[in-house]
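Data block below; observations after.
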Amino acid sequence: MKLRPEEISSVLSKELNRYDRDLEVESVGTILQVGDGIARVYGLEDVMMGEMVAFPGDTYGIVLNLEEDSVGVAIMGSDIHIKEGEQVTRTGTIASVPVGNGVVGRVLNAVGQPLDGEGPVPSDETRNIEIKAPGVTARQPVSQPLLTGLKSVDSMIPIGRGQRELIIGDRGTGKTAITIDAIINQKGKGVHCFYVAIGQKQSTVAAVKKKLSEHGAMEYTTIIAANASDPAPMLYLAPYAGVTMAEHLMWQGKDTLVVYDDLSKQANAYRQMSLLLRRPPGREAYPGDVFYLHSRLLERAVKLSAENGGGSLTALPIIETQASDVSAYIPTNVISITDGQIFLENDLFYQGIRPAINVGISVSRVGGAAQTKAMKKVAGSLRLDLAQYRELAAFAQFGSDLDKSTQRQLTRGERMVEILKQDQYVPMDIEKQVAIIFAASKGFLDDVAVEDVAAWEKDFHTFMAEKHAGVLHAIAESGKLEDDTVEHLTAAIKEFATGRSK
């Protein structure tokens, strides 16, 4: 058989054309040590800070330490099946979460995986969880209120869209209750809410979801849950996941609200990880960068300028104190980062004054600029009046002979305290708040017995809705309390008071 060179060259060229060599290069490291949710890995020289790496068994970790001869990795899940000597692979991606409208109404974990059994998150877009906060030029001053529906908050410690307002107090004083009411009150107001549960019991998160669903709030709310049984890295990442999802909507010009419940547990998780990574401890054994942990999170709360779409991200971080000690390390850190704080007190809570807000310590540094003119007008002297009442009430315990002006001030103060009490899950419209605070501040309740104030208020709201809805509508529409509105409101209150006394 005679071989023809042209045939051989033709066959070879065809085979060479068909041959496709696809080279895949992987950067692989070896586990030197593993335990307590932390792995030390050798051989990942080109890995990035904050990068996700893959462990055997479909488990991922996040790189937190870059050392001379190894890297420290926090494992996002159980480390029972991970052993020394096994291989770790780079993913080439920084830790990110799914974003977009697909996350609304869902319950997710700290890395955006569903926990509600409703299938995968319908989102093909992701966003890095560590993003630099918008700069000064991208912002505008807070100018629009974020109404919580709570009389004591909206009147004396108002919150604006784009503000960071700390809620601080001991365990069991109603911190979460304030935020849940604030979320429920956003119904129909175009605000997307994100509730980040950090280190909570699963039953507690389930109860929150149930309450939000009952009030129709899950339609615009996302719950990010890093439960108490989850590893420390998940508790550390959860707040960043929540703010990242909210930021995506904010840059589309939407208003968002993020609740961090609570940052004390995030700081504890970060301390645990840092000590296991052998970072040097500082005050109370927290690492030196624990302030940066919270500042880079809370600085992402912003009211964007009109050129950037005008969206907003409002943050309501929660801090739990021990024995009302606001001078501890984490509370003082977060107080210095935020734009004010709502301080809840044990004594007030057990006296039945709920929300148990200590008006003397609580403050909103920018919310006043966003408060409606009507509320500002009726609540202008409310904080001072309550502070004076508390002082007089303490003084009056020691003396029986009080002059008439002091007695009048005590009478007014008692009724004001009753008016500001509010049950859970019943946020109130701003026009109703203005009407009842106006009535109390003008002395229309001075003759009503303290125990009858709650019933008086309930009947008053019903009366106004049925007979004088136009007055309430005028307050709601304009946000102001014009002279003619004041006349109509005063006449309506007198009519109600006269009819009730008969």
Side-chain angles (χ1 to χ4, degrees), residues 94-106 108 110-112 121-148 158-166 179 182-197 212 217-224 237-261 263 294-318 337-340 364 366-367 369-370:
I94 300 294
S96 58
V97 288
V99 293
N101 292 323
V103 303
V104 178
R106 302 297 301 270
L108 310 170
V111 289
V121 179
S123 173
D124 52 3
E125 199 174 350
T126 60
R127 189 179 173 95
N128 290 352
I129 61 166
E130 289 277 13
I131 294 176
K132 197 175 176 185
V136 176
T137 53
R139 300 168 182 250
Q140 65 169 304
V142 173
S143 58
Q144 196 179 357
L146 184 117
L147 300 170
T148 63
I159 300 167
R161 295 189 183 186
Q163 190 175 342
R164 300 154 297 186
E165 184 76 13
L166 172 64
T179 60
I183 290 173
I184 292 170
N185 196 53
Q186 302 315 310
K187 190 171 186 178
K189 294 183 173 68
V191 179
H192 292 271
C193 301
F194 293 82
Y195 177 78
V196 184
L212 292 175
M218 278 307 290
E219 295 166 15
Y220 52 86
T221 304
T222 305
I223 296 176
I224 293 98
L237 281 180
Y240 295 105
V243 74
T244 301
M245 293 175 189
E247 258 181 347
H248 179 76
L249 296 174
M250 175 191 77
W251 282 105
Q252 294 175 359
K254 295 174 182 173
D255 291 309
T256 59
L257 168 67
V258 190
V259 174
Y260 307 108
D261 190 6
L263 292 186
H294 289 148
S295 63
R296 73 178 190 264
L297 172 72
L298 295 170
E299 274 296 301
R300 289 162 76 172
V302 58
K303 172 69 175 168
L304 288 175
S305 61
E307 299 82 52
N308 287 297
S312 70
L313 194 158
T314 310
L316 293 180
I318 294 175
I337 299 164
T338 49
D339 307 314
S364 173
V366 296

Roughly how far, to the nearest 0.5 Å, is the [atom2] atom of [Y] from the [atom1] atom of [X]?
{"X": "Asn308", "Y": "Arg139", "atom1": "CG", "atom2": "CZ", "result": "11.0 Å"}
{"X": "Asp255", "Y": "Met250", "atom1": "CG", "atom2": "CE", "result": "10.5 Å"}
{"X": "Asn128", "Y": "Thr126", "atom1": "CG", "atom2": "OG1", "result": "7.0 Å"}
{"X": "Cys193", "Y": "Met218", "atom1": "SG", "atom2": "CE", "result": "10.5 Å"}
{"X": "Tyr260", "Y": "Leu166", "atom1": "OH", "atom2": "CG", "result": "12.5 Å"}
{"X": "Leu316", "Y": "Leu146", "atom1": "CG", "atom2": "CG", "result": "7.0 Å"}

Query raised in the report: Less than 4.0 Å between a side-chain N and a carboxylate O, is that true for Lys132 and Glu299?
Result: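 The answer is no: the pair does not qualify as a salt bridge.
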For [X] versus [Y], what's the shortest heavy-atom pair and its separation?
{"X": "Gly105", "Y": "Thr222", "answer": "N-OG1, 3.9 Å"}
{"X": "Val97", "Y": "Gly112", "answer": "CG1-N, 4.1 Å"}
{"X": "Lys303", "Y": "Gly310", "answer": "NZ-O, 3.0 Å"}
{"X": "Tyr220", "Y": "Ile184", "answer": "OH-O, 3.3 Å"}
{"X": "Ile224", "Y": "Ala238", "answer": "CG2-O, 4.0 Å"}
{"X": "Met245", "Y": "Val99", "answer": "CA-CG1, 3.9 Å"}

Do [X] and [Y] touch side chain to side chain, with heavy atoms closer than 4.5 Å?
{"X": "His192", "Y": "Val104", "result": "yes"}
{"X": "Glu247", "Y": "Thr256", "result": "no"}
{"X": "Glu130", "Y": "Ile94", "result": "no"}
{"X": "Arg161", "Y": "Val191", "result": "yes"}
{"X": "Leu304", "Y": "Trp251", "result": "yes"}
{"X": "Gln186", "Y": "Ile183", "result": "no"}
{"X": "Arg106", "Y": "Pro122", "result": "yes"}
{"X": "Thr148", "Y": "Thr179", "result": "no"}

Counting distance only, does the side-chain N/O of [X] pair as donor-acceptor with the main-chain N or O of [Y] below 3.5 Å?
{"X": "Asp261", "Y": "Tyr195", "result": "no"}
{"X": "Asp339", "Y": "Glu165", "result": "no"}
{"X": "Ser364", "Y": "Pro158", "result": "yes"}

Report task. Kindly indicate, with the supporting measurements, whether the criterion side-chain hydrogen bond (donor to acceptor under 3.5 Å, both in side chains) is fulfilled by Gln144 and Ser312. Result -> CA-CA 10 Å; Gln144 196 179 357; Ser312 70; over 6 Å; no
Report task. Quick one: which residue pairs count as a salt bridge (charged side-chain N to carboxylate O under 4.0 Å, His left out) with a foot in residues 183-195, not counting sequence neighbours? Result ->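 Output for this query is empty, none listed.
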Report task. Report the residue from Leu313, Thr244, Leu298 that forms a side chain to side chain contact (heavy atoms under 4.5 Å, CB included) with Val258. Result ->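 Exactly one pass, corresponding to Leu313.
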Query raised in the report: For Tyr240, which residues count as a ring-ring contact (aromatic ring centres under 6.0 Å, His included) partner, sequence neighbours excluded?
Result: Tyr236
